[in-house]
Structure formats: C-alpha cells, structure tokens
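Since the structure is predicted, the reported quantities are computational estimates derived from the model, not experimental observations. The figures that follow rest on heavy atoms only: side chains count, while hydrogens, waters and symmetry mates do not. Numbered from 1 within each chain, the chains take letters A, B, ... in sequence-line order.
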Amino acid sequence: MGFLEAIVSDIGSLAVPALFNVYFAVASIPVGFVLAVLLALARHSRRPVLSRFAAVYIYAFRGSPLFIQLFMVYSLMLSLNLSLWRPWGVDGFVLHPLFLGPLVLTLNTTAYTAEIIFGALRTVPQGELDAARAYGMSPWRQFRSVIWPNTIRVAWPAYTNEVVFLFQATALVYFALPVVDQQRDLMSKATDLFYRDFNVFAHYAVAAGYFLVISWLIFVGCGAVNRRLNAHVAPQRRVALRYAPKYLR
Amino acid sequence: MPDWLTNIVGSDVAAWLDYVTNGRHLQWYASFGYTIGAALLGGAVALVLGLTAAALRRSRFLPVRLASAGYANIVRGVPDVLFFLFFPLAFEQALEWIVATGACSVEERAASSALWPPCRDANIFFSTTQYFLLASVTLGIVYGAFASSVIHGATAAVPRAQLEAARAFGMSERQVLWRVQIRQMWIYALPGLSNVWMLLVKSTSLLSLLQINDIVMWADRLGAPNFQSRAGPIHPDWRWRYYLVLLVFYIALTWLSERFFRWLRRRAGRGMIAAEA
C-alpha cells in the first residue's frame with residue numbers, strides 16, 4: 001500500500017476516534033467552566049477559609065501532571081470499587097473511561113480556568129464597582145451587570161487557549177484508563193494501527209492533522225465569541241486572540 | 001532493620017521503615033533520577049533549540065524563516081504526547097532504514113514477511129539509556145518550540161528606543177544585538193521560559209510510555225495488590241497511595257521551580273526598569 005493510500009484510509013479509520021476526543025472535551029468544558037467561575041469567586045472572596053481552599057485546589061491541580069491525576073483518580077476509584085461502587089451497583093458506570101475521563105478533565109480544567117478568571121476578576125475597575133454600589137445594586141446585580149461582563153471579556157483570550165489545550169490533553173486519557181469495547185480515541189487508535197503495520201509516519205501524521213484541524217476550529221469559534229464580547233470596544237483597542245499557550249498540563 | 005533502631009521507634013514504625021526501604025522501593029527512589037535527569041536534559045535541549053529557532057526566525061532568508069515558524073507552530077499545535085511517541089519511533093525507523101540499505105540483501109528483503117524492519121539484521125533494539133536520551137531530546141524538541149516563540153516575542157519586546165540609542169552611540173549591529181537586545185531579552189523571556197519549564201517538568205511523567213522504568217511505572221508495580229509474603233507485606237490495591245506520593249512530588253517540584261525562577265528573575269532584572277513590571 002502506498003503512502004497516500006495509507007493516509008486516505010487513516011483519515012477514514014481515525015474519524016470515529018476523533019469523536020471520542022471531542023466528546024471528552026465537550027463533556028468537561030461546560031461543567032468545568034461553571035465550577036471554575038465558582039472557584040474563582042471563592043478565591044477572590046474575603047473569607048480566608050474559602051480563599052485558602054480555592055488557592056490550594058488551584059495550585060495542586062495546576063502543579064501536577066494530568067497524566068498522574070488520571071492514574072490517581074482511576075486507582076482511587078478501583079480501591080473504592082469493592083466497598084462502595086459494587087454494593088451500589090454502579091461499578092460499570094463509575095469505572096468507565098467515558099465517565100472517568102471527563103471527571104478528571106473537569107477537575108483539571110476547573111483549576112486552570114479558575115486561575116484565568118481569578119486573574120480577570122482582579123482587573124475589574126474599582127470605579128465601576130463603586131458606581132454600582134452607589135446605585136444601590138444588590139450583590140447579584142453588581143455581579144451580573146458590572147463584574148461578569150468585565151471579567152469574561154478580559155479572560156476570554158486566555159480561556160480560548162485553555163480550551164484548545166484541554167482538547168489536546170484529551171489525548172492522554174486512554175494512556176491511563178483502560179480501553180473498553182474497542183472505544184478508542186485518536187492517540188490510542190493511532191498507536192493501535194501502528195502496532196499492526198509499523199507505519200509511524202501515516203498514522204501519527206493523520207492523528208496530528210485531526211488535532212490541528214479541530215484546535216483550529218475551536219480557535220475560530222472562540223474568535224467569533226471574542227468579537228461579540230468586544231463589540232462595544234473601539235476596533236483599535238480590541239485584544240486580538242493569539243495562539244499563546246500559557247497554561248498546559 | 002538494626003535492633004537499636006527498632007527499640008527507639010517501636011516495632012510498628014520499624015515495620016513500615018522496613019517496607020519503604022526494601023529493595024523494590026530503593027529502585028523506585030533511584031528512578032526519580034530519570035525524571036529529574038530528563039527534565040534537566042530536556043530543558044537544556046529546549047533552550048538551545050529555542051534560541052536557535054528564534055534566531056532563525058529573524059533570518060533574511062525566507063525559507064529559513066518559514067521553517068522556523070513551521071517548527072514552532074506545528075509542534076505547539078499537536079498534543080505533546082503525540083510528538084513524544086512519534087519522534088522516537090520515527091527516529092528508530094529512520095535508523096533501521098539506514099542500516100537496512102547496507103545490511104539487507106535483496107533475497108533477505110523478499111524473504112522477510114514482517115512489514116518492518118526490512119530484514120532481521122536491520123532490527124535495532126535501544127537500551128534503556130538510549131531510550132532515556134531519546135526521550136529527553138524529544139522533550140527538548142517539543143518544548144524548544146514553545147521556548148522559541150517565547151524568546152522570539154521577548155526579543156521583539158525590548159524597547160526600540162534602546163536599540164536606537166545604542167546605534168547612536170556608534171555600536172555596530174552585532175554589538176547592538178549582543179550587548180543590548182539579547183542581554184535585555186532575558187528579562188522579558190524569563191516569565192515565559194518559567195512557564196515552559198513547568199510544562200516540561202510535568203510532561204516528564206510520560207517517560208513510562210517509552211518503556212522507561214520511571215517513577216510512574218514503579219508506583220504502578222509497587223502499589224499493585226501483593227499476594228506473596230516474600231515480596232513484602234500482603235496488601236490490597238495501594239496504587240492510589242503511590243500516585244499520591246507522585247502528585248506531591250510534582251507539586252513540590254513546581255513549587256521549587258517557582259522559587260528558583262523568582263530568584264532568577266530578580267537577579268536578571270537588577271538595575272532594569274522592566275523587572276518591576
């Protein structure tokens with residue numbers, strides 16, 4: 001089989017595995033985002049207990065490799081299996097990579113995203129906050145009308161990078177978790193194909209191509225959101241999205 | 001375990017001490033050397049590659065510029081684990097291909113039923129040390145791409161006025177580059193380079209994917225359920241405890257690196273305005 005035919009056949013056989021990566025990202029990003037906002041608010045809060053807890057969580061998850069986190073959570077779940085999951089009859093569900101993968105990715109992205117949002121929360125202009133209080137806005141109203149719009153606008157470019165890199169981090173899931181029923185993601189499938197015909201250049205190149213294309217699509221989509229968030233800002237003062245990986249696992 | 005020590009700490013603690021200093025655990029502790037060695041070696045390669053690629057990106061020759069930008073963008077655009085698996089395998093196959101051109105006759109090639117290598121003589125087996133070096137260099141290549149974009153950005157961040165002032169003092173272009181631009185580049189590059197270093201440290205956890213007996217593999221072995229009393233105490237699945245140790249190890253490593261880079265930044269920024277930013 002020629003190299004080109006190998007590429008074409010790989011594009012076909014890696015299409016379904018690519019959906020697994022997309023699934024991991026889609027299942028973890030929205031939950032992670034909501035949790036991250038709460039965690040960032042906790043980190044920003046004046047109560048030392050809340051703030052300390054959030055700081056420790058963020059530091060622990062950003063300071064350790066995702067690979068180890070996956071192993072850690074999986075082995076923890078395995079140890080709890082006999083005592084907890086099996087009596088409840090949920091062991092097949094709780095130990096399944098399609099559940100565990102998004103769980104760990106969510107815990108992980110929560111920490112990275114919270115750090116981004118926390119950084120953005122601190123840039124909310126004090127004058128606008130004072131004005132909101134002077135208007136007699138309730139705390140929720142202040143958050144909704146003043147704090148949040150400012151925060152998300154500042155945080156969005158960094159968050160875009162976080163989303164792209166979370167998507168790339170989904171490549172690690174099946175190296176730490178077991179493959180069930182031939183459900184494989186891009187990396188796992190490419191490695192599997194490699195051990196059949198040792199064609200390292202075709203399989204990994206096509207897998208890399210999938211990662212590049214989907215990352216690019218995420219980037220373009222987030223760019224559109226960024227333009228919308230900055231609709232009221234004069235064009236020359238807008239912050240353009242840059243592919244600048246600051247946060248990676 | 002000597003008797004006098006058992007008398008001091010009590011038999012319970014002594015049994016634990018015995019367990020965590022048995023031969024297999026000592027091998028585990030030794031394997032931390034792989035992780036730290038790969039980080040240091042990979043970091044050195046990444047720095048050299050990053051500086052080279054950043055310099056080539058300012059070249060006057062367009063293909064060189066494109067090649068450097070392509071290296072930075074493609075390697076950053078795919079997951080590190082993909083490149084980490086791809087490069088050693090590709091390197092090995094390339095070597096085997098070169099060996100095969102000399103070692104394999106036409107008949108041997110025809111007789112070989114395997115898809116790779118072309119004949120049995122061309123099969124290369126790397127030792128652990130060679131795999132370790134290959135893994136470190138791969139980490140260096142991946143994070144060299146990150147470092148090159150950091151250094152490229154930092155070089156451009158040096159204030160133009162300073163370069164113009166240096167030229168006005170009659171410095172040659174070479175002097176301006178080395179004495180002003182590159183000297184000051186470090187201050188702008190250090191925060192980014194510290195980031196790249198953290199990434200590199202964390203991706204050393206992938207070494208076990210290249211069959212290196214690193215800390216992850218040992219943690220997996222030591223923590224697996226043990227049913228033979230001659231291999232230490234009988235215990236159920238203790239893997240999560242061992243992974244917890246690794247987690248703490250990496251967090252400590254991050255913390256140490258942070259402190260180191262803070263010190264480095266303060267040192268590099270002596271007498272510079274940019275350091276306060």
Check: A:Y74 ring centre within less than 6.0 Å of B:Y243 ring centre
no
Near A:L217 CG, under 6.0 Å, is it more than 12 heavy atoms from other residues, nucleotides or ligands?
yes
I'd like to know if the side chain of A:Q168 and the backbone of B:D80 have a donor-acceptor N/O pair within less than 3.5 Å.
no
Heavy atoms of other groups near B:R65 CZ, more than 12 under 6.0 Å
yes
B:V81 versus chain A, heavy atoms under 4.5 Å apart: side chain, backbone, both or neither?
both
B:L89 side, atom CG; A:N199 side, atom CG - distance, nearest 0.5 Å:
11.5 Å
Could you check B:F83 against A:Y204 for ring-ring contact (aromatic ring centres under 6.0 Å, His included), going step by step and ending with a plain yes or no?
CA-CA 8 Å; B:F83 200 79; A:Y204 284 107; over 10 Å; no
Given 3.5 Å as the limit, does a donor-acceptor pair link the side chain of B:Q93 with the main chain of A:F198, or not?
yes
Select one option (side chain, backbone, both, neither) describing which atoms of B:L253 are under 4.5 Å from chain A's heavy atoms.
neither
Which atoms of B:W255 approach chain A - backbone, side chain, both or neither, heavy atom under 4.5 Å
both
For the backbone of A:F67 and the side chain of B:K202, can you confirm whether one donor and one acceptor N or O come within less than 3.5 Å of each other?
no
Students often mix this up, so state it plainly: with edges at 30° and 60°, are the rings of B:F146 and A:F165 parallel, tilted or perpendicular?
tilted
Nearest-0.5 Å distance, CG of residue A:L80 to CG of residue B:D237
10.5 Å
Name the member of B:L206, B:L82, B:T254 that forms the most heavy-atom pairs with chain A at distances under 4.5 Å.
B:L82
Distance in Å, B:S208 OG paired with A:F71 CZ, rounded so as to fall on 0.5 Å steps:
5.5 Å
Residue A:F53 excluded, over 12 heavy atoms near CZ under 6.0 Å
no
If I compare all heavy atoms of B:V78 with all of A:A208, which pair ends up nearest, and what's the gap?
CG1-CB, 3.5 Å
Scan side-chain atoms only and decide if A:Y59 and B:E258 contain a donor-acceptor pair under the 3.5 Å cut-off.
yes
Pairwise distance OG(A:S64) to CG(B:L244) - rounded to 0.5 angstrom
10.0 Å
If you compare all heavy atoms of B:G77 against all heavy atoms of A:S215, which two are closest, and at what distance to 0.1 Å?
O-OG, 4.1 Å
Kindly indicate whether the side chain of B:L85, heavy atoms from C-beta on, has any atom under 4.5 Å from the side chain of A:M187.
yes
Let me confirm one number: the OG-CG distance from B:S203 to A:L172, rounded to the nearest 0.5 Å.
10.0 Å
Interatomic distance, A:R62 atom CZ to B:M198 atom CE [nearest 0.5 angstrom]
9.0 Å
Which atoms of A:T191 are under 4.5 Å from chain B, going by heavy atoms: the side chain, the backbone, both sets, or neither?
side chain
Got a sec, which residues hit ring pair (Phe, Tyr, Trp, His ring centres under 6.0 Å) with A:Y210, two or more places apart in sequence or on another chain?
none
